[in-house]
Amino acid sequence: MSYFIDRRGNARNKSAVNRQRFIRRYRSHIKRAVEDAVNRRSITDMERGEEVSIPTRDISEPVFQHGQGGKRRVINPGNKEFVEGDRMRRPGGGSGGGGSGEGQASNQGEGEDDFAFSLSREEFLEFVFDGLELPHLERKQVADMDEVRPVRAGIARDGPPARINIVRSMRSAQARRIAMRSPIKRALKEATEALEQEECKDPVLRNKVRIAELKAEIERLEARLKAVPFLDTYDLRYNHLINQPMPSNKAVMFCVMDVSGSMTQAHKDIGKRFFLLLYLFLERNYEKVELVFIRHHTAAKEVDEEEFFYSRETGGTIVSSALTLLDEVIESRYPAGEWNLYVAQASDGDNWDDDSTNCRELMIKKLMPRLQYYAYVEITPHAHQALWGEYERVEEEFPDRFAMQQIVEAGDIYPVFRELFKRRVSA
């Protein structure tokens, strides 16, 4: 039996093992507290942990007590309120009569405050993104073959001791011993038979010189047999390994944001917070995900992260310009056979008169057949615009790879994000 001992250093007066056990035990309480915290704080304030309060009643330990047992009838003197068979009301205010840190003020009783527990940044983010994933992530064959794995490729005569093949080495040694010892054994047998024939002759006819020569020959042959090694370096065989290219789960996320004049500053702030949450999710959970940022009004432009979040450029609205640029970038840099392609779009749904139809055509004919997943969020407190109706037709064509949600206020960002990127159960 093997024993694994966790020797990681613990903070002062704290145990990492006990902390992990505590988090597992009260996972549901902590998750609810984290969801409330996300709705309270801004998305840009995700770099710190969180103080989680757990009600004292939820962390109490079960206790076995020995009661008197049986049914007992007791008559207390001075009782004017109850008669036999009545149920007594439970006293209010908790076990101590003074509540658990809640309720109205009182000059009686004692209680305890809720248990406060601090989550680190990593623990906090783990609960924030628990159960989320990029949908339909597939393993693609990459052309640059950066990711390889060692695979068996037969037997070699040279290699490190760790890769020695014992069975093949012993088989080779046995074959070598048979090949080397067979002629010696045959010669030894002939010499032994000749010595026996010579010794069986009449003493007068025996050739003493011949007998001495045969005995010397037998000794020499036996010495040769003993000199044949059981295992020689020539017999060693090694497992040969080669590096084989592996399929990769490389992915690219296209972030498309509407910055037209119809998008108010409040709408833009909600869009930025949604993309910041998406950026944080991808950065923490995936190693090989590239980000491409596209802003658009009447014209679309690929920008860097700084310009995407902080540029103040604005204008009219032609959504198809962003989709056309998206298609061009995929064609030139991200072949669908080598990359998992994802798109997240944020807009208020307002668009030029006939451009929504063009968007639907672009989506159905060019983009969606190559994309793994397309997430669209419409930031508006009012009725849906024309773009929403056209996108509903896209959703009918690709129900598993297209999703759309509406965000009315900042408090909707996190629930919508979880709905868009929740883990799908494979059929």
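All values derive from a computational prediction rather than experimental measurement.
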Which distance, rounded to the nearest 0.5 Å, do you find between the CZ of F275 and the CE of M257?
-> 6.5 Å
Output the distance between atom CD1 (I330) and atom CG (L367), rounded to the nearest 0.5 Å.
-> 5.5 Å
Side chains of F402 and M363 in contact at under 4.5 Å (non-hydrogen atoms) | yes
Between NZ on residue K272 and NE2 on residue H267, distance to nearest 0.5 Å | 13.5 Å
Specify whether F293 and F308 have parallel, tilted or perpendicular ring planes, treating 30° as the upper limit for parallel and 60° as the lower limit for perpendicular.
-> tilted
List the steps and the verdict of side chain to side chain contact (heavy atoms under 4.5 Å, CB included) for V377 and Q345.
-> CA-CA 6 Å; V377 291; Q345 180 185 3; over 6 Å; no
With a 4.5 Å heavy-atom cut-off, do Y373 and L420 have their side chains touching?
-> yes
Between M263 and H297, is any pair of side-chain heavy atoms under 4.5 Å apart?
-> no
Sub-4.5 Å side-chain heavy-atom contact between I155 and N239 = yes
Once you round to the nearest 0.5 Å, how far does CE of M253 lie from CG of N340?
-> 10.5 Å
Hey, does K189 have a side-chain heavy atom less than 4.5 Å from the side chain of E193?
-> yes
Taking all non-hydrogen atoms of both residues into account, name the closest pair between K268 and V259 and its distance.
-> NZ-O, 3.7 Å
With the side chain counted from C-beta on, respond yes when I318 and H296 share a heavy-atom pair under 4.5 Å apart, and no when they do not.
-> no
Evaluate the criterion side chain to side chain contact (heavy atoms under 4.5 Å, CB included) for residue pair H240 and R152; output intermediate values, then yes/no.
-> CA-CA 6 Å; H240 184 49; R152 292 281 298 272; over 6 Å; no
Is the CD atom of Q405 crowded by more than 12 outside heavy atoms at less than 6.0 Å?
-> yes
Residue among F417, Y342, Y414 satisfying ring-ring contact (aromatic ring centres under 6.0 Å, His included) with F281 = F417
Near R224 CZ, under 6.0 Å, is it more than 12 heavy atoms from other residues, nucleotides or ligands?
-> no
Tell me the salt bridge (Lys or Arg N to Asp or Glu O under 4.0 Å) pairs involving residues 316-330, sequence neighbours left out?
-> D327-R370
Measure across R237 and S172 and return the closest heavy-atom pair with its distance rounded to 0.1 Å.
-> NH2-OG, 3.2 Å
Tell me, yes or no, whether the heavy-atom count around D304 atom CG, taken from other residues, nucleotides or ligands under 6.0 Å, exceeds 12.
-> yes
Would you say H384 and Y391 make side-chain contact, with heavy atoms under 4.5 Å?
-> no
Which pair of heavy atoms, one from C255 and one from L278, lies closest together, and at what distance?
-> SG-CD2, 4.2 Å
Evaluation steps, side-chain hydrogen bond (donor to acceptor under 3.5 Å, both in side chains), between T317 and D350 | CA-CA 7 Å; T317 309; D350 187 28; 4.6 Å; no
Minimum heavy-atom distance between F230 and A173, given as atom pair plus value | O-CB, 3.6 Å
Can you see which heavy atom on T380 is nearest to which on V408, and at what distance?
-> O-CG2, 3.9 Å
Can you list the steps and then say if R393 with E396 is a salt bridge (charged side-chain N to carboxylate O under 4.0 Å, His left out)?
-> CA-CA 5 Å; R393 299 176 64 179; E396 293 176 359; 5.9 Å; no
Row check, Y238 ring normal vs R168 NZ/CZ: under 6.0 Å, within 45° = no
Would a distance-only check, ignoring hydrogens and angles, find a side-chain to backbone donor-acceptor pair under 3.5 Å from R401 to Q372?
-> yes
Give the intermediate values and the outcome of salt bridge (charged side-chain N to carboxylate O under 4.0 Å, His left out) for residues E302 and R333.
-> CA-CA 13 Å; E302 182 181 350; R333 295 180 358 223; 3.0 Å; yes
Output, in order, the C-alpha distance, side-chain angles, deciding distance and verdict of side chain to side chain contact (heavy atoms under 4.5 Å, CB included) for E419 and V416.
-> CA-CA 5 Å; E419 180 63 26; V416 165; 5.6 Å; no
d(M368 CE, Y374 OH) to nearest 0.5 Å is 8.5 Å
Heavy atoms, side chains only, cut-off 4.5 Å: are E390 and C359 in contact?
-> no
Please report the shortest heavy-atom distance between V256 and A322, naming the atom on each side.
-> CG1-CB, 3.7 Å
Value rounded to 0.5 Å, distance of OG in S356 from CG in L387 | 4.5 Å
Could you check V394, L326, L323 and say which one makes a side-chain contact (heavy atoms from CB on, under 4.5 Å) with L362?
-> L323
Check whether more than 12 heavy atoms from other residues, nucleotides or ligands sit under 6.0 Å from atom CH2 of W352, and answer yes or no.
-> no
